[in-house]
Novice: 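Here it is: the structure, laid out below.
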2 protein chains.
Amino acid sequence: MYQVNDKEFNCSISVTLDIFNDRWKLSIIWHLLDSDKRFKELHNEIDEITQKTLTVKLKELEKKNIINREVFAQVPPKVVYSLTDAGRRLKPVLDDMFTWGVGYVEEFGKITPNVQCKIKEGKK
Amino acid sequence: MYQVNDKEFNCSISVTLDIFNDRWKLSIIWHLLDSDKRFKELHNEIDEITQKTLTVKLKELEKKNIINREVFAQVPPKVVYSLTDAGRRLKPVLDDMFTWGVGYVEEFGKITPNVQCKIKEGKK
DNA sequence: CCGTATCCTTAGAGATACTG
DNA sequence: CAGTATCTCTAAGGATACGG
């Protein structure tokens, strides 16, 4: 049994799954792997997310020690988000997921002209 | 843009996430990586899942071409589930998630005596 | 043994408006 | 710019009972 972030898990894979088991967190991590970002930059890049949801997800990721939140005392406000070491260590997982997804699409999907990888779940 | 299983995705990572983005599917895949299993065996090994939910999740995975369902015409019924090639290719992803989880727990969690890896999300 | 059929409860997330 | 505060909707999943 593992105890992390006030939850209990019986497997370390569950621990990992818990980090991004929703519609948005993996996308946020992906965009921060690229470079540190301000709130607004993230909101622009993940443009389907609402401001409220982005705020909630950033807080969750901060609480889980995946991202850092740095506030600059200035007007207008500036807040920069970056990955922690633990967050950056997620890259291999993302890479594998990317690779698997490519193979899966080749086998079962159709590809239409793309713009950019944005990582979110498909609309249900 | 990708079109798979009647959904649209703008990134192949999203495609992968969609496969196991709930509380149970990853656990089912994990148990089938070990060996093919009957319905009852899965239900015993993932003992917190309800029969109904297991049924639903198995159907979803079958529809997504991750598992095969083989029915033996006998009484009492026998149904065996196994991974497809695509399902088996998920192993590296699982392995990386396992590795990451171990590191994360070392850094932020507590470990208490364990029984066996069961993969499910922690109770919310 | 391997499921279906209902009913029910919750949490995730969208829409919208407001604030230091 | 970077958030809060409400309100609402929906779908995932649990409990329970029944069926081939």
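The sequence lines fix the lettering, A, B, ..., with proteins before strands; numbering per chain opens at 1. Heavy atoms only: backbone and side chains are in, while hydrogens, waters and symmetry mates are out.
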Novice: Please report the distance, rounded to the nearest Å, between NZ in B/Lys25 and C1' in D/dA11.
Specialist: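 Result: 12 Å.
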Novice: Looking at D/dG3, D/dG13, C/dT4, which one has an atom nearest to any side-chain atom of B/Asp22?
Specialist: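 Looking only at side-chain atoms, B/Asp22 lies closest to D/dG13.
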Novice: Taking the inter-plane angle between the rings of B/Phe108 and B/Tyr104 on a 0 to 90° scale, is it parallel (under 30°), tilted (30 to 60°) or perpendicular (over 60°)?
Specialist: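 Because their plane-to-plane angle lies in the 30° to 60° range, the rings of B/Phe108 and B/Tyr104 count as tilted.
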Novice: Quick one: CG on A/Leu26 to CH2 on A/Trp30, what's the gap to the nearest 0.5 Å?
Specialist: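 The distance works out to 9.0 Å.
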Novice: Given C/dG3, C/dC1, D/dC1, identify the nucleotide with an atom nearest to the side chain of B/Pro77.
Specialist: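 For the B/Pro77 side chain, the nearest candidate turns out to be C/dC1.
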Novice: Distance check needed: D/dT4 P versus A/Leu58 CG, whole Å only.
Specialist: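 Going from A/Leu58 (CG) to D/dT4 (P), I get 10 Å.
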Novice: From C-beta outward on B/Val79, which listed nucleotide comes closest to its side chain: D/dA12, C/dG14, C/dG3?
Specialist: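 So the nucleotide nearest the side chain must be C/dG3.
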Novice: Under 6.0 Å from the ring centre and within 45 degrees of the ring axis: does the NZ or CZ of B/Lys78 meet both conditions for the six-membered ring of B/Phe72?
Specialist: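 B/Lys78 over B/Phe72 ring: yes.
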Novice: Taking the side chain of A/Thr53 as its heavy atoms from C-beta onward, which of C/dA13, C/dC1, C/dA15 lies nearest to it?
Specialist: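 Nearest listed nucleotide: C/dA13.
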Novice: Within this structure, what is the CD-to-P distance between B/Glu41 and C/dG3, rounded to whole angstrom?
Specialist: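 Distance, rounded to whole Å: 13 Å.
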Novice: Kindly state which residues belonging to residues 59-75 of chain B come within less than 4.0 angstrom of DNA chain C, counting heavy atoms of the residue only, listed by number.
Specialist: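 Contacts with DNA chain C under 4.0 Å: B/Lys59, B/Arg69.
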Novice: Let me confirm one number: the CZ-CG distance from A/Phe39 to A/Leu54, rounded to the nearest 0.5 Å.
Specialist: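 The CG atom of A/Leu54 is 4.0 Å from CZ of A/Phe39, to the nearest 0.5 Å.
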Novice: Give the nucleotide from the list C/dG14, D/dA15, C/dG3 with an atom nearest to the side chain of B/Gln51.
Specialist: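 Nucleotide nearest to B/Gln51's side chain: C/dG3.
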Novice: Please state how far atom NZ in B/Lys78 lies from atom C1' in C/dG3, giving the value in whole angstrom units.
Specialist: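 It works out to 17 Å between those atoms.
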Novice: Output the distance between atom CD1 (B/Ile29) and atom CG (B/Asp34), rounded to the nearest 0.5 Å.
Specialist: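 If I round to the nearest 0.5 Å, the distance is 14.0 Å.
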Novice: OP1, OP2 of C/dC1 versus side-chain N and O of B/Arg38: anything below 4.0 Å?
Specialist: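 No, because none of the side-chain N or O atoms of B/Arg38 sits under 4.0 Å from OP1 or OP2 of C/dC1.
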Novice: Would you say a side-chain N or O of B/Arg23 is under 4.0 Å from OP1 or OP2 of D/dA12?
Specialist: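 Negative; the distance criterion is not met.
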Novice: Examine the base of C/dG3 for any acceptor or donor lying under 3.5 Å from a partner atom in the side chain of B/Lys52, and report the outcome as yes or no.
Specialist: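 Absent.
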Novice: From C-beta outward on B/Thr55, which listed nucleotide comes closest to its side chain: C/dA13, D/dG14, C/dT4?
Specialist: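 Selected nucleotide: C/dT4.
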Novice: For C/dG3, does either OP1 or OP2 sit under 4.0 Å from a side-chain N or O belonging to B/Tyr81?
Specialist: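 Yes.
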Novice: If the threshold is 4.0 Å, N to carboxylate O, is there a salt bridge linking A/Glu60 and A/Lys57?
Specialist: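 Yes, charged N to carboxylate O under 4.0 Å.
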Novice: Atom CG of B/Asn21 to atom P of D/dA12: distance rounded to whole Å?
Specialist: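 B/Asn21 atom CG is separated from D/dA12 atom P by 11 Å.
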Novice: Could you tell me how far apart B/Ile28 (CD1) and C/dC2 (C1') are, to the nearest whole angstrom?
Specialist: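 Value for this atom pair: 15 Å.
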Novice: Could you state the CG-C1' distance from B/Leu54 to D/dA15, rounded to the nearest angstrom?
Specialist: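 These atoms are roughly 16 Å apart.
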Novice: Using whole Å, report how far NZ of A/Lys57 lies from C1' of C/dG12.
Specialist: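 Atom-to-atom, A/Lys57 to C/dG12, this comes out as 6 Å.
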Novice: With the threshold set at 4.0 Å, does a side-chain nitrogen-carboxylate oxygen contact exist between A/Arg89 and B/Glu107?
Specialist: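 Answer for the salt bridge query: yes.
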Novice: Ring of A/Phe20, cation from A/Lys25 - is the NZ or CZ under 6.0 Å from the centre and inside 45° of the axis?
Specialist: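 No, A/Lys25 does not lie over the aromatic ring of A/Phe20.
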Novice: Go through C/dC2, D/dG3, D/dG13 for me and flag the one nearest to the B/Lys40 side chain.
Specialist: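 Of all the options, the side chain of B/Lys40 is nearest to C/dC2.
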